[in-house]
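A quick note: this is a predicted structure, and the numbers were derived from the prediction, not measured.
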Amino acid sequence: SAVISQKPSRDICQRGTSLTIQCQVDSQVTMMFWYRQQPGQSLTLIATANQGSEATYESGFVIDKFPISRPNLTFSTLTVSNMSPEDSSIYLCSVDRPSLQETQYFGPGTRLLVL
Amino acid sequence: QKEVEQNSGPLSVPEGAIASLNCTYSDRGSQSFFWYRQYSGKSPELIMSIYSNGDKEDGRFTAQLNKASQYVSLLIRDSQPSDSATYLCAVTPGGSYIPTFGRGTSLIVHP
């Protein structure tokens with residue numbers, strides 16, 4: 001099983017600022033995924049990040065607001081730009097499980113509060 | 001928009017009882033179905049997957065799939081207080097490899 005770590009685990013930020021969340025996996029993976037989970041809501045996929053190519057964003061999410069980097073097969077970052085209180089959420093990175101198709105391992109999450 | 005619907009609960013059951021969690025989905029072409037458990041303040045973890053109609057049992061957990069009726073359920077036998085968590089249903093729509101998640105059902109198992 002993959003071990004996934006995220007930094008920071010939580011943060012409180014002022015509106016208008018940006019926060020970069022890091023996701024590190026202990027093994028090489030082809031795809032990494034970034035999700036948002038707002039209070040009382042389901043997990044919503046923000047984007048899929050493949051190494052060496054542009055991230056693929058889901059409807060309602062744009063690169064200017066959520067730029068993603070994927071410099072290698074074990075690491076990715078998600079930046080939440082020009083934050084507003086509506087961005088307060090849990091941000092989760094995940095990787096798919098090669099032994100069980102279409103299922104995912106999730107990182108511990110980053111709890112973000114924007115004031 | 002492919003949708004996955006769950007009753008948000010909370011579902012409260014006494015210790016030792018059977019907890020029944022239900023999920024419906026909109027895409028008839030869906031082929032893969034999952035249940036994740038999420039403890040408060042933690043990230044989701046996969047507990048069951050099911051791909052064909054019928055029942056699949058794993059310990060105290062049984063997943064049931066009925067594609068004709070477009071629902072999937074999770075039964076937890078001999079419920080324990082440690083089963084108290086939010087259970088997320090996830091369905092992979094046809095033509096996709098990424099699951100769509102429901103909002104989750106909160107389960108409370110009281111002693």
Side-chain angles (χ1 to χ4, degrees), chain A residues 1-11 21 23-25 29-50 55-61 78 89-113, chain B residues 1-10 21-27 29-52 56 58 61 63 65 72 74 85-106:
Chain A
S1 64
V3 176
I4 306 172
S5 60
Q6 282 186 237
K7 290 181 183 180
S9 59
R10 61 180 66 239
D11 208 342
I21 302 168
C23 180
Q24 179 76 52
V25 189
V29 294
T30 304
M31 291 188 291
M32 296 178 74
F33 307 89
W34 287 99
Y35 285 85
R36 181 173 73 183
Q37 188 175 31
Q38 295 179 309
Q41 302 297 314
S42 65
L43 290 164
T44 302
L45 181 65
I46 298 172
T48 303
N50 290 336
T56 302
Y57 288 83
E58 297 298 304
S59 176
F61 298 96
L78 169 76
S89 186
I90 300 172
Y91 292 86
L92 295 147
C93 74
S94 75
V95 303
D96 55 6
R97 297 164 58 138
S99 61
L100 195 59
Q101 191 174 5
E102 300 172 4
T103 60
Q104 298 189 352
Y105 287 110
F106 286 90
T110 295
R111 286 150 184 78
L112 172 62
L113 176 63
Chain B
Q1 183 77 12
K2 311 300 184 186
E3 295 187 346
V4 178
E5 300 288 342
Q6 294 181 256
N7 187 320
S8 61
L21 305 164
N22 301 309
C23 171
T24 60
Y25 58 94
S26 63
D27 180 27
S30 299
Q31 295 295 325
S32 305
F33 308 85
F34 311 96
W35 283 98
Y36 286 78
R37 178 175 61 199
Q38 186 173 24
Y39 290 114
S40 179
K42 302 295 185 182
S43 58
E45 58 177 327
L46 180 73
I47 54 172
M48 289 288 288
S49 59
I50 188 167
Y51 303 95
S52 56
K56 179 181 178 182
D58 183 1
F61 298 98
L65 175 61
V72 58
L74 179 70
T86 296
Y87 289 80
L88 303 171
C89 174
V91 177
T92 303
S96 175
Y97 57 87
I98 302 173
T100 299
F101 287 83
R103 293 188 177 190
T105 298
S106 174

* To do: Please determine, by modelled atom types, if A:Q104 and A:S94 share a side-chain donor-acceptor pair under 3.5 angstrom.
  => yes

* To do: Name the orientation class of the two ring planes belonging to B:F34 and B:Y51 (parallel below 30°, tilted from 30 to 60°, perpendicular beyond 60°).
  => perpendicular

* Side chain, backbone, both or neither: which part of A:T48 has an atom under 4.5 Å from a heavy atom of chain B? -> side chain

* Among B:Q6, B:R103, B:Q38, residue most engaged with chain A (heavy-atom pairs, under 4.5 Å) -> B:R103

* Part of A:L45 within contact of chain B (heavy atom distance under 4.5 Å) -> side chain

* For B:R37, which residues count as a salt bridge (charged side-chain N to carboxylate O under 4.0 Å, His left out) partner, sequence neighbours excluded? -> B:E45

* Kindly write out the residues that satisfy side-chain hydrogen bond (donor to acceptor under 3.5 Å, both in side chains) with B:E5, not counting sequence neighbours, or none if the list is empty. => none

